[in-house]
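Below is one structure, written out as structure tokens; the observations come after it.
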Amino acid sequence: MYKHVSEAFVPIPRAEFVAHKVCARSSAYCRSIGANGTDTLLDFGDARAILTPTYEGLHFRVEALDIITLSGIRTLLQGSLSAITAIPGGAVEWHLAGSASFRAIRVFRGNGQSWPGGR
């Protein structure tokens, strides 16, 4: 359904608490916020964001019909995250979804290598 999809992972402590705060800061810009298990879904109409806290950090997935909306939602999430906590490494590194599984990207980066598909 969504043409543009990107993902990011931020290694932070208390990821569930941070996800809740990011959603609270973003709530004025989305139609609804829901939950599906541990995932939090932010519905923006022509786009959505999925936040998944893990014991290692916070996983973001943004899906949108157009690239402008995708970029706007990523910027909103990054700004909200930056206002809440310090981001390790200073920036969120986004990756196009679909070129490789998110797990593969994390394993590749865990080996100290740079992921060539970063956005």
Side-chain angles (χ1 to χ4, degrees):
M1 176 179 184
Y2 295 103
K3 184 176 178 181
H4 302 279
V5 181
S6 64
E7 297 179 321
F9 180 79
V10 180
I12 53 173
R14 304 182 316 144
E16 190 171 328
F17 172 77
V18 173
H20 176 74
K21 290 292 191 180
V22 168
C23 290
R25 292 183 65 89
S26 305
S27 65
Y29 302 100
C30 59
R31 287 184 178 179
S32 66
I33 298 175
N36 183 10
T38 60
D39 295 347
T40 302
L41 308 158
L42 288 81
D43 178 14
F44 293 90
D46 289 346
R48 71 179 182 171
I50 303 167
L51 283 62
T52 306
T54 69
Y55 67 92
E56 297 172 329
L58 186 58
H59 174 239
F60 294 93
R61 180 178 176 95
V62 178
E63 305 171 343
L65 294 176
D66 62 81
I67 195 73
I68 305 274
T69 303
L70 180 86
S71 297
I73 293 171
R74 289 182 352 183
T75 302
L76 172 67
L77 295 173
Q78 278 184 233
S80 296
L81 183 62
S82 295
I84 296 164
T85 187
I87 300 171
V92 176
E93 187 174 341
W94 292 91
H95 303 278
L96 294 178
S99 61
S101 71
F102 190 73
R103 186 172 189 277
I105 293 169
R106 288 184 49 217
V107 167
F108 191 79
R109 291 205 46 167
N111 293 332
Q113 302 175 9
S114 176
W115 178 252
R119 295 276 185 257

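Numbering starts at 1 and runs along the sequence shown.
- By the rule that hydrophobic residues join a cluster once side-chain heavy atoms approach within less than 4.5 Å of another member, Val92 and Leu76 end up as members of one cluster.
- Shortest non-hydrogen contact noted between Ala24 and Ser27 is O-OG, 3.0 Å.
- Atom-to-atom distance recorded for Ser26:OG and Leu42:CG is 6.0 Å, nearest 0.5 angstrom.
- Counting only residues at least two apart or in different chains, salt bridge (Lys or Arg N to Asp or Glu O under 4.0 Å) contacts with residues 11-36 are absent.
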N/O donor-acceptor pairs under 3.5 Å from side chains in residues 63-73, not counting sequence neighbours:
residue	atom	partner	partner atom	Å
Glu63	OE1	Arg48	NE	2.5
Glu63	OE1	Arg48	NH2	3.0
Glu63	OE2	Arg61	NE	2.6
Glu63	OE2	Arg61	NH2	3.4
Asp66	OD1	Ile68	N	3.2
Asp66	OD1	Thr69	N	2.8
Asp66	OD1	Thr69	OG1	2.9
Asp66	OD2	Thr69	OG1	3.0
Ser71	OG	Ile67	O	3.1

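- With sequence neighbours excluded, the residues satisfying side-chain hydrogen bond (donor to acceptor under 3.5 Å, both in side chains) with Gln78 are Trp94.
- More than 12 heavy-atom neighbours from other residues, nucleotides or ligands sit within 6.0 angstrom of NE2 on His4.
- In the hydrophobic cluster analysis, where Ile, Leu, Val, Met, Phe, Trp and Tyr join through side-chain heavy atoms closer than 4.5 angstrom, Ile33 is grouped together with Val22.
- The same ILVMFWY cluster, assembled from side-chain heavy atoms under 4.5 Å apart, contains both Ile87 and Phe60.
- Both Ile84 and Ile12 belong to a common hydrophobic cluster when Ile, Leu, Val, Met, Phe, Trp and Tyr are linked at side-chain heavy-atom distances under 4.5 angstrom.
- With rounding to the nearest 0.5 angstrom, the CG atom of Leu81 is 7.0 Å from the OG1 atom of Thr85.
- Within the 4.5 Å cutoff, no side-chain heavy atoms of Pro53 are placed close to those of Val18.
- Within the structure, the side-chain hydrogen bond (donor to acceptor under 3.5 Å, both in side chains) test picks out the following pairs touching residues 33-43 (sequence neighbours left out): Asp39-Thr52.
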